[in-house]
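Okay, so here's the structure we're looking at.
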Amino acid sequence: MVKICCLGAGYVGGPTMAVIALKCPAIEVCVVDISVPRIAAWNSDQLPIYEPGLDEVVKQCRGRNLFFSNDIEKHVAEADIIFVSVNTPTKTRGLGAGKAADLTYWESAARMIADVAKSDKIVVEKSTVPVKTAEAIEKILAHNSKGIKFQILSNPEFLAEGTAIEDLFKPDRVLIGGRETPEGQKAVKALKDVYANWVPEDRILTTNLWSAELSKLAANAFLAQRISSVNAISALCEATGANVAEVAYAVGKDSRIGPKFLNASVGFGGSCFQKDILNLVYICECNGLPEVANYWKQVIKINDYQKSRFVNRVVSSMFNTVSGKKIAVLGFAFKKDTGDTRETAAIDVCKGLLGDKAKISIYDPQVTEEQIQRDLAMNKFDWDHPIHLQPMSPTAVKQVSVTWDAYEATKGAHGICILTEWDEFKTLDYKKIYDSMQKPAFLFDGRNVIDAEKMREIGFIVYSIGKPLDPWLKDMPAVA
Ligand code: NAI
């Protein structure tokens with residue numbers, strides 16, 4: 001029986017390995033992590049991450065050929081294939097701080113593999129890493145290996161949170177990069193055989209190591225670029241009376257462009273886009289390509305602009321101050337169908353409103369008060385270090401309250417900001433909400449999920465991203 005071990009039981013390691021276990025009953029899969037609570041949660045009924053369909057997959061395989069454990073060394077020693085899916089945050093200090101990938105977790109994983117391995121292994125980069133990381137990992141393994149042979153493969157993960165199981169069941173492509181030597185190609189084939197259990201062969205792409213590593217960064221940069229492109233157009237729509245939904249629809253109908261990823265919003269978030277683009281920017285700078293670096297940097301600048309434009313719009317609409325006013329925030333996760341708040345636009349928007357002394361009341365169907373308080377108390381870039389390594393009791397932000405009920409959050413509020421596109425926000429009883437709010441009642445839709453005209457009929461003053469402005473808002477222009 002082939003044995004797989006995965007280091008890192010996070011948003012990628014957990015779901016990916018669960019699907020491999022489900023689709024490959026002849027393979028034993030063990031997911032290991034340094035975090036004791038995280039592994040305990042994977043072994044319980046309350047999984048540590050929310051992902052539609054994940055519970056069912058885990059239930060089917062756990063204890064059969066899927067295991068979660070803290071006994072890292074034992075499972076690494078026994079495995080034939082080791083996936084490394086640890087976090088690769090942005091460096092917070094030293095050379096490349098604020099841009100370069102922090103490979104501390106990766107390096108310590110590689111050293112540990114070299115220490116405990118007693119037989120030849122295939123080591124798979126599942127984490128998103130800078131181009132040429134495999135070369136560094138090879139050196140670490142080779143220098144510590146005591147004669148054991150390691151083959152490094154790059155197999156970046158393209159799943160999206162919120163649709164991870166669907167994406168893993170039917171990936172657009174699986175990408176495997178390896179050395180162009182007979183041993184390297186043998187390792188590529190071994191990993192290809194795993195995926196071939198359920199992925200059609202024409203969707204399994206094989207490349208050299210550096211192409212695979214760079215493709216992941218490039219794919220995320222292209223995706224984020226589309227969002228920043230449509231968000232840049234949304235600002236112009238507001239200034240001119242065009243409607244970004246109509247513009248995006250017309251643009252997306254061009255088969256060369258396509259309709260996906262063209263929704264204007266308060267800005268992208270998530271653990272990957274910003275981190276990976278910063279990483280790309282840093283690699284370009286290190287390779288003497290400042291123009292290319294600046295090109296991609298602009299994608300992040302527009303994203304920051306979009307968030308501060310939104311905050312300015314809220315403040316200027318409400319008579320240029322939100323001091324002491326209750327603002328309800330609906331949605332805190334970086335997108336719907338996940339409880340993940342890493343780099344969510346909601347953090348910057350809330351911090352902006354708190355800077356103007358607003359009182360914020362937050363409701364998100366999947367995010368706990370502890371997480372929200374931690375996010376709002378944390379410094380930029382600290383979020384992507386594992387929770388157990390973060391300070392556990394940050395001072396709670398006093399102007400912030402968190403509830404498990406949208407009606408409670410909006411009661412007595414002067415304004416509402418919708419910051420995540422949860423489906424349930426489309427069907428709330430907005431008449432009831434309006435009646436319970438201070439007047440004039442403002443509704444700022446950062447995800448364009450509600451029908452603005454219906455809301456105006458109820459009595460709300462409505463702001464939707466990139467849509468023709470409410471007459472009220474026209475007199476109160478807001479630019480970041
Ligand atoms: P995560 O933070 O949810 O999980 C990483 C896990 O690795 C943590 O539980 C941590 O305790 C563990 N860990 C750290 N060092 C370890 C070690 N030496 N041994 C064992 N476990 C260790 O991170 P996530 O979101 O799963 O991301 C992992 C990688 O995958 C990152 O490089 C990310 O960029 C990439 N990625 C993430 C995607 C996402 O949607 N979250 C999608 C595609 C790629």
Side-chain angles (χ1 to χ4, degrees), residues 90 98-99 160 217-252 254 257-285 289-316 331 334-335 342-353 355 380-381 383 417-421 444-449 463-469 473 477-480:
T90 305
K99 276 185 280 195
L217 295 180
N220 273 355
F222 273 57
L223 288 169
Q225 182 197 45
R226 278 175 79 96
I227 299 176
S228 279
S229 297
V230 76
N231 281 345
I233 295 295
S234 78
L236 188 56
C237 287
E238 286 166 33
T240 56
N243 180 332
V244 75
E246 292 173 355
V247 174
Y249 183 74
V251 169
D254 186 323
I257 298 172
K260 292 185 181 165
F261 255 66
L262 285 180
N263 288 330
S265 71
V266 62
F268 61 72
S271 65
C272 295
F273 283 175
Q274 170 155 312
K275 162 175 87 72
D276 294 349
I277 294 175
L278 287 171
N279 189 345
L280 190 66
V281 165
Y282 184 69
I283 296 168
C284 293
E285 286 171 353
L289 301 169
E291 288 81 4
V292 185
N294 285 336
Y295 175 77
W296 289 109
K297 219 184 269 174
Q298 205 57 33
V299 172
I300 293 175
K301 282 192 182 164
I302 286 289
N303 198 47
D304 289 338
Y305 167 75
Q306 190 75 346
K307 289 182 272 190
S308 53
R309 210 167 69 76
F310 185 85
V311 172
N312 289 359
R313 183 66 81 185
V314 174
V315 177
S316 72
F334 85 94
K335 63 160 145 168
R342 297 178 291 180
E343 278 293 328
T344 176
I347 294 177
D348 285 345
V349 170
C350 288
K351 284 187 174 173
L353 295 173
K380 208 166 172 56
F381 297 128
W383 52 268
C417 296
I418 300 179
L419 300 182
T420 311
E421 71 281 21
F444 303 93
D445 185 358
R447 296 282 167 181
N448 288 351
V449 289
Y463 166 70
S464 310
I465 305 262
K467 302 279 180 81
L469 289 179
L473 302 168
V479 257

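All values reported here derive from a predicted model rather than from experimental measurement.
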F222 meets the ring pair (Phe, Tyr, Trp, His ring centres under 6.0 Å) criterion, sequence neighbours left out, with W296
Tell me, do [X] and [Y] make a side-chain contact under 4.5 Å, heavy atoms counted?
X    : Y    : result
L217 : I283 : yes
I465 : D445 : no
C417 : L353 : yes
F268 : L223 : no
L469 : R313 : yes
V299 : F273 : no
N263 : S265 : no
Y295 : C284 : no

Enter the distance from [X]:[atom1] to [Y]:[atom2] here, rounded to the nearest 0.5 Å.
X    : Y    : atom1 : atom2 : result
Q298 : S229 : CD    : OG    : 11.0 Å
T344 : K307 : OG1   : NZ    : 8.5 Å
I277 : S228 : CD1   : OG    : 7.0 Å

Are E285 and K99 close enough for a salt bridge, meaning some N to O gap below 4.0 Å?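 Counted as a salt bridge, because a side-chain N and a carboxylate O are separated by less than 4.0 Å.
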Ionic contact status for K301 with D304, cut-off 4.0 Å: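 Here D304 does not pair with K301 in a salt bridge, since their nearest N and O are not under 4.0 Å apart.
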Minimal non-hydrogen separation, [X] against [Y], with atom names:
X    : Y    : answer
E343 : G270 : CB-O, 3.1 Å
G98  : T90  : C-CG2, 3.4 Å
A160 : K335 : CB-NZ, 3.7 Å
N231 : S234 : O-OG, 2.6 Å

Using distance only, find each side-chain donor-acceptor pair of residues 239-249 under 3.5 Å and give its atom names and separation, not counting sequence neighbours.
residue	atom	partner	partner atom	Å
T240	OG1	L236	O	2.8
T240	OG1	C237	O	3.3
T240	OG1	A242	N	3.4
N243	OD1	A245	N	2.9

Classify the ring geometry of Y463 against F444: parallel below 30°, tilted from 30° to 60°, perpendicular beyond 60°.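 Tilted, since the angle between the ring planes falls between 30° and 60°.
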Give a yes or no on whether the backbone of L419 and the side-chain of R447 come within a donor-acceptor separation of less than 3.5 Å. yes
Has R226 got a side-chain atom pairing as donor or acceptor with K260's backbone, closer than 3.5 angstrom? yes
D276: side chain to side chain donor-acceptor pair (under 3.5 Å) partners, not counting sequence neighbours: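 Here the qualifying residues are N220.
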Trace of the salt bridge (Lys or Arg N to Asp or Glu O under 4.0 Å) decision for R309 with E238: CA-CA 11 Å; R309 210 167 69 76; E238 286 166 33; 2.8 Å; yes
